[in-house]
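Data block below; observations after.
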Amino acid sequence: MRNLELLGLTKSFGTVRALRDMSLTVREGEIYGFVGSNGAGKTTAMRITLGVLSPDSGEVRYAGRPLDQEVRARVGYMPEERGLYPRMKVGPQLTYLAQLHGLSPADAGDAMIRWTDRLGLAARRTDEVMKLSLGNQQRVQLAAALVHNPEILVLDEPFSGLDPVAVDVMSQVLRDQADRGVPVIFSSHQLDLVERLCDRVGIIKDGSMVAEGTIDELRTTDRQRLLVRLDGAPPRWATGLPGVTVLDDAGAAVVVEVATGDVAAEQAVLRAATAAGTVREFSPVRPHLADLFRGVVVENGAAA
Amino acid sequence: MNRIWLVTVREVRAALAKRAFVIATALMVVLIVAGSFVVDYFVNQEMEDAASTQLGLTSELAEMEPALAAAGEALGVDIETSTMADRAAAEAALEAEEIDAFLSGEPGDLDLLFQSGSNQSIVQAVTSAAQTTALSDQITALGGDPGAVAAAVQSSAPTLSFIEDPAAMEGPQYFIAVVMVALLFFALVNSGSQIAIGVVEEKASRVVEILLATLRPTELFAGKVLGNGIVGLAQVVLYAGAFGVAASVTGMFEGFDINLTSQIAWLFVWFLLGFTLYAVLWGSLASLVSRQEDIGSITAPVTLLMLVPFYTAMFTVPSDPDGFTVRILSQVPFFAPFVMPFRSAFTEVPLAEMLSAVAFSAVLIPLFVWLAATVYKRGILHTGSRMTLKQALGRG
């Protein structure tokens with residue numbers, strides 16, 4: 001398996017410990033969402049992956065072998081702080097970057113044409129980067145990460161500053177790359193996007209990985225919430241049921257919580273509901289990634 | 001190696017794409033050519049002034065003309081005489097600088113009039129001519145042949161010869177030396193600051209992070225130094241070529257023993273050595289700052305630092321090109337690129353000294369490049385406030 005593994009990374013800047021024994025795995029062909037608050041260590045982890053920084057301890061492996069300079073040439077990277085030569089034209093700049101990554105001049109030229117077409121920059125090839133709008137500069141930045149046909153993609157905040165159309169283009173490109181078998185890792189604060197796009201998610205806090213798994217795995221907590229909507233029910237119909245906690249009994253919709261897998265309690269709630277009125281809705285409540293994130297990050301990590 | 005070359009090619013292209021750079025270079029060429037013609041004009045005028053002297057005479061003294069011409073010839077001065085009507089006409093001519101002096105009176109009681117300040121060669125020529133005239137009068141009175149005596153007297157003057165040609169010593173030598181070293185200084189500062197600007201541009205635009213994801217810092221640095229070195233050398237070739245062509249078209253150094261070709265060839269050698277030493281300094285120090293606004297804090301001290309050997313060369317070499325201090329300085333790596341070309345314009349520097357000076361600089365280069373690369377590696381990813389040199393060279 002061509003997995004990208006970050007193993008036990010530790011990195012300090014002076015007295016600040018940016019990463020503490022942080023590990024994660026991005027599997028072949030999967031999109032991995034890397035989330036965490038500002039300053040949690042995402043960018044440091046990505047820079048270490050690219051060899052731009054070296055870790056104090058730990059290592060980065062790809063396909064079971066240390067990620068060395070030779071393999072790094074085949075990584076596509078989009079740094080958090082966007083960077084291109086402002087006075088260089090789009091076309092020559094992309095061709096140059098492709099050649100630096102080892103493509104022949106002819107292949108580099110073809111790849112530049114292909115990606116500028118794909119990302120809607122065909123009319124901008126002879127413009128200097130500084131003359132493009134911020135959104136278009138962002139597209140050039142993505143093209144720069146993709147132009148050498150990378151085997152691994154590491155993108156720091158690729159969606160920030162994009163309009164909805166560009167977000168769709170970017171999402172589709174990432175999905176296509178993953179379908180080719182490329183391990184894709186990206187960081188983002190747009191959790192709805194991460195939820196929609198990613199196969200797996202890692203949540204980092206203060207330099208350590210606090211939760212990692214598929215969205216479904218992360219959603220599975222030890223307490224299961226149920227939403228019940230009734231017509232014509234008296235208030236407090238659910239109060240006092242064994243093993244059931246009522247969280248919200250404000251109106252027609254009632255939210256209760258039971259222990260995950262406690263079928264008897266679930267059925268007790270359903271029976272009480274049918275007895276109380278006409279059941280319109282009876283469904284488990286799946287917490288959003290944003291809720292999980294808050295649970296993990298804001299509450300001092302206690303929920304993890 | 002291939003990647004270093006890619007960076008090199010990009011640097012060259014980026015330099016040539018800068019309009020300001022192209023215009024400045026073209027302007028410099030124009031300045032050099034125009035300057036050469038202006039200097040040539042003054043040099044030739046001065047030589048004419050020195051070579052021929054206009055002497056006004058009263059008509060009574062016309063018989064002295066051959067004696068004056070002969071005396072002038074013996075002194076190496078071309079004396080042309082013209083007859084003046086009276087003292088008033090002569091004063092007007094002196095005022096208008098048509099003549100340099102006016103001779104009146106009669107043999108035995110001559111009167112020499114100058115506008116202001118005497119001209120030593122005229123005084124000597126007139127004195128000698130008056131003596132000759134007085135002598136030939138006496139010889140005639142004694143029944144001898146003054147012509148034969150005069151010929152014998154003239155030919156008995158010693159022939160002058162010099163170990164070092166005094167005429168070639170000063171003017172043009174100094175001029176060539178200043179032009180060469182100033183060109184070198186200009187080219188070094190120019191290409192050095194191009195590197196510094198390039199390094200900071202990559203840092204400020206953050207493109208360096210993408211580059212360093214595939215390039216080693218040393219590869220990027222080496223490519224930048226090479227690329228800017230090629231551009232700088234091309235500039236020196238262009239400037240020196242313009243100067244050489246202008247000099248040969250005007251013929252300003254004809255008659256002087258100056259080997260311009262060898263001077264220019266050595267200039268290239270010293271550019272390459274000076275560039276390698278100074279450019280890596282510029283580049284590595286530039287990696288310590290993060291913003292274009294801070295670049296002055298790097299370029300100003302380095303330029304000042306380069307002025308020290310530049311002025312040292314200008315002031316110590318001409319007075320004593322083979323003195324102990326100059327000979328030592330012309331061997332010291334950071335001084336040699338300025339002192340040695342300056343020195344070799346004034347004196348025949350032994351080839352062994354030339355080669356040892358080159359060797360000293362060349363030996364220092366790897367050490368210095370290593371040091372600069374270390375600073376660059378540390379500095380290039382450091383953002384925010386300016387990093388001190390101590391931080392860059394210290395641990396981590």
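Numbers restart at 1 for each chain; the letters A, B, ... are given by sequence-line order, proteins then strands. As the structure is a computational prediction, the values presented were derived from the model and not from experiment.
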Hey, can you pull the donor-acceptor pairs under 3.5 Å for the side chains in residues 270-279 of chain B, sequence neighbours left out?
| unit_1 | atom_1 | unit_2 | atom_2 | d |
| --- | --- | --- | --- | --- |
| B:Thr276 | OG1 | B:Leu272 | O | 2.5 |
| B:Tyr278 | OH | B:Phe334 | O | 2.9 |

Which atoms of A:Val52 approach chain B - backbone, side chain, both or neither, heavy atom under 4.5 Å: both

Under 4.5 Å from a heavy atom of chain A, the part of B:Ala14 involved: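 B:Ala14 has no heavy atom closer than 4.5 Å to chain A.
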
Under 4.5 Å from any heavy atom of chain A - which part of B:Val7: both

Residue A:Leu134 excluded, over 12 heavy atoms near CG under 6.0 Å: no

Other residues, nucleotides, ligands: >12 heavy atoms within 6.0 Å of B:Tyr311 OH: no

So between chain B and chain A, what donor-acceptor pairs come in under 3.5 Å?
| unit_1 | atom_1 | unit_2 | atom_2 | d |
| --- | --- | --- | --- | --- |
| B:Glu202 | OE2 | A:Tyr85 | OH | 2.3 |
| B:Ser205 | OG | A:Leu84 | O | 3.4 |
| B:Glu209 | OE1 | A:Arg47 | NE | 3.4 |
| B:Glu209 | OE1 | A:Arg47 | NH2 | 2.9 |
| B:Glu209 | OE2 | A:Arg47 | NE | 2.9 |
| B:Glu209 | OE2 | A:Tyr77 | OH | 2.4 |
| B:Thr214 | O | A:Gln69 | NE2 | 3.0 |

Residue from B:Val29, B:Leu183, B:Asn190 passing side-chain contact (heavy atoms from CB on, under 4.5 Å) with B:Gln235: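 The passing option is B:Asn190.
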
B:Val375 and B:Leu288: CA distance, side-chain angles, deciding distance, side-chain contact (heavy atoms from CB on, under 4.5 Å) verdict: CA-CA 8 Å; B:Val375 172; B:Leu288 300 179; 3.9 Å; yes

Close aromatic pair by centroid cut-off 6.0 Å: A:Phe186 and A:Phe159: yes

Heavy-atom closest contact (A:Leu97 atom, A:Ala144 atom, distance): CD1-CB, 3.7 Å

